[in-house]
Amino acid sequence: MQLFSVSLVHAQPDFVGSETCIACHKDQAEAWRGSHHDLAWTEPSADTILGDFENTEFTHQGVTSKFSKDGDSFIIETEGPDGEMTKFPVKAVLGVAPLQQYAVETEPGRLQSFDIPWDVPQQEWFHMYPDQNLPAGDGYHWTGPYKTWNARCAECHATDYQRNYDAATRQYSSTQSEIGVGCEACHGPGSSHVDWANDVPIRERVHGLSDKGLMVDYAAGDAETEIQQCASCHARREPLLGGSPVAGTPFHDAYRLSTLRAPLYEPDGQILDEVYVYGSFLQSKMYDRGVTCSNCHDVHAANRVAEGNAVCTQCHSPAANPDFKTLKAVDYDTPEHHFHAQDSEGAQCKNCHMIERTYMGVDGRRDHSFRVPRPDLTVKTDAPNACNDCHTDQSPQWAARQLDKQFPNSKYRGTHFSETFHAVQQGTPDQGRALADIALYEGLPAIVRASALEMILPYATPELATDLQGLLTHEDALIRAHAVAVQRSASSTTMVQNLVPMLDDARRAVRIAAARELLSAPIARLPSAMDKALKSAMAEWQSSLLVKADFPETQLVLAGIGLTTRNYASARSAFAEAVELDPQLVQAWVMMVRIDAALEGPEKVRETLRSALELNPSDPNLRALQAQLDAN
């Protein structure tokens with residue numbers, strides 16, 4: 001692979017801005033200008049704002065929000081973080097189609113994305129979560145931590161974004177070299193490339209660069225280089241760094257990829273929640289055969305290279321495509337294959353092989369696993385299928401019979417990993433062996449196998465840990481990272497022996513996984529080199545948590561570390577920070593009550609419970625604790 005690890009770069013070049021690039025790269029700049037990447041984040045102005053701010057209103061759950069202008073400012077008047085109606089100037093314009101969202105500053109440096117965006121095709125305001133009634137103070141209210149632009153969104157809408165969150169003050173001083181996804185978001189900082197273009201020697205000054213002075217070399221034609229760069233934003237993942245990784249950073253050095261777990265994915269790996277693209281694409285045969293994003297998408301214009309079935313028939317046709325040696329030369333764009341009238345909706349490749357689901361209210365996204373419809377699996381697992389997406393008046397059994405008639409010798413029949421995944425979701429016991437078989441089967445995509453490893457933890461035994469030990473050295477970092485936790489079921493000695501080498505793994509996500517498991521290991525003393533590796537991996541894990549201190553879920557992890565290390569004061573502090581960020585995290589309140597009961601006594605317990613119930617008055621867990629306290 002042609003990815004350049006940041007650790008190899010001794011002196012990073014400087015960012016120079018997209019305008020510097022345009023002078024030489026006019027064709028690429030023309031395609032990029034006005035694209036979804038270019039307009040991912042813009043300054044508010046009459047040219048960029050598409051919504052109607054001519055004193056319009058929108059009412060949701062009894063709150064009427066007003067959209068108006070004050071001179072050159074665009075104003076949203078709505079319920080603020082304290083529940084009072086407040087006027088907020090628009091500070092950022094987010095996206096361009098099919099919806100445009102707006103961010104406002106609720107306190108200095110903190111941008112919140114407003115839940116009422118503008119529907120561009122329909123030319124109207126709408127609420128992204130129409131069925132939710134989220135009052136001020138709720139973690140999911142538009143002013144809450146889950147809607148903070150700095151933390152949740154900005155990284156993928158800017159170039160060289162750094163979050164810069166101060167946990168002590170709970171304030172942001174975020175920076176970026178450029179709003180919007182500019183040239184250097186994908187190609188890396190460009191100062192050394194400019195030097196190269198001007199015949200200035202660069203290799204003596206900066207190491208780890210391509211011959212043209214860039215952090216990543218797409219010209220080498222390595223598919224994984226391009227895919228991992230696109231995946232840095234087009235993936236559902238947990239960040240391990242404090243902002244945008246430098247272009248060329250390996251994905252598993254910067255992120256922990258979400259696996260095919262509910263409620264993100266259906267049991268068979270189809271999209272369910274908003275998971276973007278990477279996790280789906282990793283499941284596909286196209287990924288396995290070396291297809292890249294740019295085979296179907298113009299990476300500068302951020303649109304498809306062709307329209308309709310022509311995107312697919314550039315490869316899937318009687319002419320095939322010589323770039324992919326295993327591709328069959330077959331005419332698929334014919335009723336003999338799709339069994340629908342030519343040019344009808346049923347004849348569109350995407351409607352059978354890329355189901356669409358709508359997110360953010362109006363934004364349709366396509367599943368990139370490119371799967372064959374399996375209504376027989378719908379019968380077994382309740383996962384949807386493309387046939388019944390259109391034939392809503394028919395049953396999955398009917399759809400399965402139709403496919404049996406049309407493709408009687410299809411290899412897409414029989415058992416499927418989704419049956420085991422569905423059984424796990426249903427709480428079926430004794431699924432360990434079946435999950436282990438999935439994890440060990442080389443014929444399945446790595447993300448499926450990693451998902452099985454993650455699901456196996458409640459079923460894991462010393463025997464299964466031994467069987468799966470070999471996956472710790474698998475070539476795929478995603479599999480290695482998820483094989484680590486299975487070793488907690490081995491004996492303590494065996495676990496330490498197996499995981500200590502993982503502290504020197506090439507990928508940060510794997511090293512952090514090993515550090516996490518070794519936190520509670522009974523290690524009296526390690527040789528110097530191993531001890532150094534452990535401290536280094538622990539520091540990486542700590543750093544990855546500290547940069548996400550504004551995530552309530554991170555505070556729960558920090559609290560768990562405190563409990564594991566018996567630092568109960570630290571644990572309680574983290575639980576307290578979690579409920580400060582999200583008052584509805586009842587599990588954190590419960591743990592605070594239990595710690596207070598053990599360390600502080602009944603008066604402190606009553607105080608904590610009183611605070612918890614004021615914010616969550618109807619929660620049964622808190623009410624049960626109150627009843628228990630009253631009974632004593």
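Keep in mind the model is a prediction, meaning the values are calculated, not measured. The figures here come from the full heavy-atom set of this structure, side chains too, leaving out hydrogens, waters and symmetry mates.
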For this session: Begin with the C-alpha distance, continue with both residues' side-chain angles, and end with the deciding distance and a verdict on side-chain contact (heavy atoms from CB on, under 4.5 Å) for Asp550 and Thr148.
Result: CA-CA 9 Å; Asp550 50 346; Thr148 302; 5.6 Å; no
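- Side-chain contact check for Asp367 and Ser369: at least one donor-acceptor pair (N or O, by modelled atom type) lies under 3.5 Å.
- Summarising the geometry, atom CD belonging to Gln100 is positioned 6.5 Å from atom OG1 belonging to Thr48; distances are rounded to the nearest 0.5 Å.
- No side-chain heavy atom of Met360 sits less than 4.5 Å from a side-chain heavy atom of Phe126.
- One finds the OG1 atom of Thr554 at 5.0 Å from the NZ atom of Lys548 (value rounded to the nearest 0.5 Å).
- Residues Ser65 and Phe114 have side chains in contact (heavy-atom distance under 4.5 Å, counting atoms from C-beta outward).
- Side-chain atoms of Asn309 and Tyr332 form no donor-acceptor pair, as typed in the model, at a separation below 3.5 Å.
- Between Ile438 and Phe421 there is a side-chain heavy-atom pair separated by less than 4.5 Å.
- The two atoms that bring Gln101 and Ser113 nearest to each other are NE2-CB, 3.6 Å, heavy atoms only.
- Here the options are Asp363, Asp273, Asp389, the test is salt bridge (charged side-chain N to carboxylate O under 4.0 Å, His left out), and the partner is Arg357; only Asp389 passes.
- Open room surrounds CD on Glu30; 12 or fewer heavy atoms of other groups in view lie less than 6.0 Å from it.
- Note on ring orientation: taking the six-membered ring where Trp is involved, the planes of His127 and Tyr129 are perpendicular (angle over 60°, cut-offs 30° and 60°).
- The OH atom of Tyr359 lies 6.5 Å from the CG atom of Leu272; values are rounded to the nearest 0.5 Å.
- Partner Ser418 forms a side-chain contact (heavy atoms from CB on, under 4.5 Å) with one of Thr381, Leu260, Thr378 and no other, that one being Thr381.
- Across every non-hydrogen atom of Gln425 and Pro267, the tightest pair is OE1-CG, 3.7 Å.
- Ionic pairing of Glu266 and Arg371 is not present here: no N-O contact between side-chain nitrogen and carboxylate oxygen is shorter than 4.0 angstrom.
- The aromatic rings of Tyr102 and Phe53 lie perpendicular to each other, with more than 60° between the two planes, well past the 30° mark.
- Residues Thr292 and Asn295 bring a donor and an acceptor atom of their side chains to less than 3.5 Å of each other.
- Contact between His60 and Gln132 at its shortest, heavy atoms only, is CE1-O, 3.0 Å.
- Atoms NE2 and CG, from His391 and Asp393 in turn, are 8.0 Å apart once rounded to the nearest 0.5 Å.
- The aromatic rings of Phe281 and Phe370 stand perpendicular to each other, their planes meeting at an angle above 60°, with 30° marking the opposite boundary.
- Side-chain atoms of Arg366 and Asn351 include a donor-acceptor pair closer than 3.5 Å.
- Note that the CG atom of Asp115 and the OH atom of Tyr140 stand 12.5 Å from one another [nearest 0.5 Å].
- If you run side chain to side chain donor-acceptor pair (under 3.5 Å) between Thr334 and each of Glu336, His337, His338, only Glu336 comes through.
- Rounding to the nearest 0.5 Å places CG of Asp138 at 9.0 Å from CG of Asn133.
- Side chain of Gln394 to main chain of Ala399: no donor-acceptor pair is present (N/O by atom type, distance under 3.5 Å, no hydrogens or angles).
- Checked against the 6.0 Å centroid threshold, Tyr278 and Phe251 count as a close aromatic pair.
- Gln112 and Thr106 form no side-chain donor-acceptor contact under 3.5 Å, judged by distance and modelled atom types alone.
- Taking all atoms of both residues into account, the shortest heavy-atom contact from Met85 to Glu77 is CE-O, 4.0 Å.
- Counting heavy-atom neighbours within 6.0 Å of Lys380 NZ, excluding the residue itself, gives a total above 12.
- Counting heavy atoms from C-beta on, the side chains of Tyr459 and Val424 come closer than 4.5 Å.
- Distance alone, capped at 3.5 Å, places no donor-acceptor pair between the Gln228 side chain and the Thr225 backbone.
- Remark: Arg374 does not engage Glu419 in a salt bridge, criterion side-chain N to carboxylate O under 4.0 Å.
- Annotation for Asn55: atom CG counts as buried by contact number, over 12 foreign heavy atoms lying within 6.0 Å.
- Looking at Ser68 and Glu54, their side chains never come closer than 4.5 Å, going by heavy atoms from C-beta outward.
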Under 3.5 Å, sequence neighbours excluded: what are the donor-acceptor pairs made by side chains of residues 299-308?
none

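- Remark: side-chain polar atoms of Gln406 are not paired, donor with acceptor, to backbone N or O of Phe339 under 3.5 angstrom.
- Remark: the backbone N or O of Leu134 is not paired with any side-chain donor or acceptor of Trp142 at under 3.5 angstrom.
- The shortest side-chain heavy-atom distance between Cys387 and Gln402 does not fall under the 4.5 Å cut-off.
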Exercise. Given Trp589 and Leu615, is the side-chain contact (heavy atoms from CB on, under 4.5 Å) satisfied, shown in steps?
Worked result: CA-CA 10 Å; Trp589 285 112; Leu615 295 164; 3.8 Å; yes
For this session: Show your reasoning for whether side-chain contact (heavy atoms from CB on, under 4.5 Å) applies to His368 and Met354.
Result: CA-CA 6 Å; His368 279 64; Met354 299 180 73; 3.7 Å; yes
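- Side chain of Ser344 to main chain of His340: no donor-acceptor pair is present (N/O by atom type, distance under 3.5 Å, no hydrogens or angles).
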Exercise. Would Leu377 and Tyr412 satisfy side-chain contact (heavy atoms from CB on, under 4.5 Å), going step by step from the backbone distance to the final call?
Worked result: CA-CA 10 Å; Leu377 294 180; Tyr412 298 101; over 6 Å; no
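- Taking 4.0 Å as the cut-off between side-chain N and carboxylate O, Asp437 and Arg433 count as a salt-bridged pair.
- Judged purely by distance below 3.5 Å, without hydrogens or angles, the side chains of His141 and Thr143 pair a donor atom with an acceptor atom.
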Problem set entry | Working for salt bridge (charged side-chain N to carboxylate O under 4.0 Å, His left out), residues Arg152 and Glu274 | CA-CA 13 Å; Arg152 304 284 174 168; Glu274 189 175 12; over 6 Å; no
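- Of the possible polar contacts, one joining the Trp32 side chain to the Val181 backbone as a donor-acceptor pair under 3.5 Å is found.
- Asp331 and Asp333 get closest at one heavy-atom pair: OD1-N, 3.2 Å.
- Checked by atom type and distance alone, the side chain of Gln229 pairs as donor or acceptor with a backbone atom of Ala185 at under 3.5 Å.
- When atom types are taken as modelled, the side chain of Arg256 and the backbone of Leu240 share no donor-acceptor pair closer than 3.5 angstrom.
- Shown here for Ile447 and Leu478, the closest heavy-atom pair between the two residues is CA-CD2, 3.7 Å.
- A distance-only check finds a donor-acceptor pair linking the side chain of Arg623 to the backbone of Pro617 [under 3.5 Å].
- A side-chain hydrogen bond (donor to acceptor under 3.5 Å, both in side chains) check over residues 310-329, counting only residues at least two apart or in different chains, returns the pairs Arg289-Thr326.
- Sparse packing is recorded around CD of Glu475, with 12 or fewer heavy atoms of other residues, nucleotides or ligands lying under 6.0 Å away.
- Pro445 places none of its side-chain heavy atoms less than 4.5 Å from the side chain of Leu282.
- A donor-acceptor pair is defined here as one N or O able to donate and one able to accept, closer than 3.5 Å; such a pair exists between the side chain of Trp125 and the backbone of Asp52.
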